[in-house]
Amino acid sequence: MKENSSLMSILLLLSLSFMASSKRHGNLASEMVNVLNQNRTTWKLGKLHENPGLGCIALQYAELCEGNCSVNNTLTCKPPEDDFTQVFAPNCGVELPTFGTITGHVLGCGTHYATPEASFSDILFRDNKSLLVLRNRSHTEVGVGIARLHKDTSFWCILFSDGGTNSSFALEANGRGIKQRKGCYSGSALSCSNALMICMCLLNSCLGILFVFLLSI
């Protein structure tokens, strides 16, 4: 009986640990938007509207950067201008008549997991040049995309726009757009799509079933 009790305690601790870890792997892109707005608020700048359509386009941009992560966590990829309206927008389900102006962008990559706060300071905004992009007063909207494409490497893309709230980069299907198979983007109700998240959920479910089984003995 004591052995079962000890085993159940261990399983309970493991289950709680995996639940906490799974929360960490939620929508990191939306969490990054919160970090961006916190920084702008500190500088007495208006908060940026989280635009899902722009976020999905940012994810498309990030996916394009696969294989271009340098040793100092910088990205050097630049898609042709036509890709935004002819490739990225259709892949996301963005209504072309609502495609607005992209007023700035920031790219970065990391070879290991980092929280949005750490990614902000250690990867994306390490110098005044990128901080000036964030603090541009003409920005009104933001979209963030993060893709994990090669092992544990994360590719970040942040796009800014001066479009009007709820009128630019509108998604088809009543705002749902087209579901993405990799990574995640800000404004989406879905968590990041990656194998680690799925495995953790399955393992947590198995631990729960085993815990209930031991209780019934």
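No experiment lies behind these values; they were computed from the predicted model shown.
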Approximate separation, where rounding is to 0.5 Å, of Asn37 CG and Lys47 NZ | 6.0 Å
Look at the SG atom of Cys109 and the SG atom of Cys65, then say if they are under 2.5 Å from each other.
-> no
Work out which heavy atom in Ser30 is nearest to a heavy atom in Glu50; give both atom names and the distance.
-> OG-OE2, 2.9 Å
Connected via hydrophobic side-chain network under 4.5 Å: Ile178 and Leu59 | no
Nearest non-hydrogen partners of Arg176 and Tyr185, listed with the distance | O-OH, 4.2 Å
OG (Ser154) and NE2 (His112) are apart, to the nearest 0.5 Å, by 9.0 Å
Residue pair Cys184 / Leu28: nearest heavy atoms and the distance that separates them | SG-N, 4.0 Å
Atom SG in Cys92, atom CD in Glu172: separation rounded to 0.5 Å?
-> 10.0 Å
So, do Val142 and Asn51 sit near enough that their side-chain heavy atoms are less than 4.5 Å apart?
-> no
To the nearest 0.5 Å, atom CD of Glu63 lies from atom CZ of Arg181 at 11.0 Å
Any side-chain heavy-atom pair from Leu48 and Arg40 closer than 4.5 angstrom?
-> yes
For Asn128, look at atom CG and say whether over 12 heavy atoms of other residues, nucleotides or ligands are found less than 6.0 Å away.
-> no
Name all pairs fulfilling the side chain to side chain donor-acceptor pair (under 3.5 Å) condition that reach into residues 79-99, sequence neighbours left out, sorted by first residue then second.
-> Gln60-Asn91
Scan side-chain atoms only and decide if Arg135 and Asn39 contain a donor-acceptor pair under the 3.5 Å cut-off.
-> yes
Would you indicate whether the side-chain heavy atoms of Leu75 and Cys69 approach each other to under 4.5 Å?
-> yes
How many angstroms lie between OG1 in Thr153 and CG in Asn68, if you round to the nearest 0.5 Å?
-> 11.5 Å
Does a side-chain heavy-atom distance below 4.5 Å link Leu132 with Phe125?
-> no
Any Thr74 side-chain heavy atom under 4.5 Å of Arg126 side chain | yes
Taking distance alone, no hydrogens or angles, what donor-acceptor pairs closer than 3.5 Å link side-chain atoms of residues 155-164 to residues at least two apart or in another chain?
residue: Ser161; atom: OG; partner: Thr101; partner atom: O; Å: 2.8
residue: Ser161; atom: OG; partner: Gly163; partner atom: N; Å: 3.1

N/O donor-acceptor pair under 3.5 Å between Asn27 side chain and Gly187 backbone = no
Closest non-hydrogen atoms of Lys78 and Tyr61, given as atom of the first, atom of the second and distance, are CA-OH, 3.9 Å
Are Leu134 and Leu45 connected in the hydrophobic side-chain network, where two residues link if heavy atoms are under 4.5 Å apart?
-> no
Is there a side-chain contact between Met32 and Ser119 (heavy atoms, below 4.5 Å)?
-> yes
Correct closest heavy-atom pair for Val133 and Val106 would be CG1-CG2, 4.0 Å
Output the distance between atom CZ (Arg137) and atom CH2 (Trp43), rounded to the nearest 0.5 Å.
-> 10.0 Å
Taking all non-hydrogen atoms of both residues into account, name the closest pair between Gly145 and Ala58 and its distance.
-> N-CB, 3.5 Å
Is the shortest heavy-atom distance from the side chain of Phe88 to the side chain of Val94 under 4.5 Å?
-> no
Consider only side-chain heavy atoms of I, L, V, M, F, W and Y, link residues closer than 4.5 Å, and tell whether Leu36 and Leu131 are in one cluster.
-> yes
